[in-house]
Amino acid sequence: MRIASWNVNSIRARLESTLDWLTAAQPDVVLLQELKCTVGDFPREAIEDLGYNVALHGQKSYNGVAILSKLPLEDVHTTFSCGINDDQCRFIEAIIAGCRYISLYVPNGMAVDNDKYAYKLAFYDAFTSYVRQLLSLNQPLIIGGDFNVAPDLEDAHNPTVFTRTDRILCTIPERQAFHTLLAAGLYDGLKLHVKSLPDQQLPFTWWDYRAGSFIVDKGYRIDHFLLSPQAADLMINAGVDRTPRSVTRPSDHAPIWIHIKH
DNA sequence: ATGGTAGCAAAGCTA
């Protein structure tokens, strides 16, 4: 099975490139983030025409997540208990072929002194609690999404950003929150795969639109697949698909993917 | 240190 996750930065602005990418990459399961539209405005028919079942959680202008699947989706949920800003559409979960999938869009945080930064840390806390419950089931669990954290020095083009206390995506509390989530018992799928190969660098997944960051490869690795032990056992390959980041009017994120035994 | 671009939606907010 081919599993992909992609922050599209507006599904309507990205519809043509999304359909092109789906046709070329042929993923069986797709976890999407930043739809930036309501359920009613989602281009459901165009995607269903490519053979996908659709489950989505959308709102006007911001956020929004979806799961596309060639196999039937069961047991769909669109919330976990965070306690604040629960009206923001950042989570959707479904069971597909006996495996639980979550599409996650973690708050960006904006700036260290911003209320959104506190929300981001609270979101990590609450999601970690939820993941601990899921992991106690001892079942395959695949979480894909935009985590808005570069976990380690190799996950940013310029490691000196980690010496600054004001650089969003890279501050110590954000990275600690991410590593606490991992420590609940999840594997970083991309890292697990790349580190099993000789002399491979971890690829970036996001490049700022500004200052031509993609051309000079000044990126960050902030999109991740996090896997339960039962899912990690199934993984056979992983990577980043830079092709959709290279087209005209791209998303600022590239799709990430894993292959699992089915 | 600053400012650089993009999407939504119609001026500023978010990223």
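The model shown is predicted, which means the values in this text are computed figures rather than measured ones. Here is the naming used below: chain letters follow the sequence lines, and residue numbers restart at 1 for every chain.
Here, B:dA9 and B:dT14 have their P atoms 14 Å apart, quoted to the whole Å. Going from the P atom of B:dG3 to that of B:dC8 covers 26 Å, rounded to whole Å. Between B:dA1 and B:dG12, the two C1' atoms lie 24 Å apart (nearest whole Å). The gap from the C1' atom of B:dA10 to that of B:dA6 amounts to 16 Å, rounded to the nearest Å.
Among A:Asn53, A:Val54, A:Val30, the single residue meeting the side chain to side chain contact (heavy atoms under 4.5 Å, CB included) criterion with A:Ile47 is A:Val54.
In this structure, the NE2 atom of A:His253 is 18 Å from the P atom of B:dT5, given to the nearest Å. Separating the CD atom of A:Gln59 from the C1' atom of B:dA9 is a distance of 15 Å, rounded to the nearest angstrom.
Nearest heavy atoms, A:Ile168 versus A:Asn108: CG1-O, 3.5 Å.
OP1 or OP2 of B:dA9 lies within a sub-4.0 Å distance of a side-chain N or O belonging to A:Lys60. For the pair A:Arg14 and B:dA6, the criterion of a side-chain N or O lying under 4.0 Å from OP1 or OP2 is not met.
On a pure distance criterion of 3.5 Å, a polar donor-acceptor pair joins the side chain of A:Tyr62 and the base of B:dC13.
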A:Arg221 and A:Asp188: CA distance, side-chain angles, deciding distance, salt bridge (charged side-chain N to carboxylate O under 4.0 Å, His left out) verdict: CA-CA 12 Å; A:Arg221 192 175 74 97; A:Asp188 179 337; 2.9 Å; yes
Ring pair (Phe, Tyr, Trp, His ring centres under 6.0 Å) assessment of A:Tyr101 paired with A:Phe225: CA-CA 10 Å; A:Tyr101 291 87; A:Phe225 273 112; 8.8 Å; no
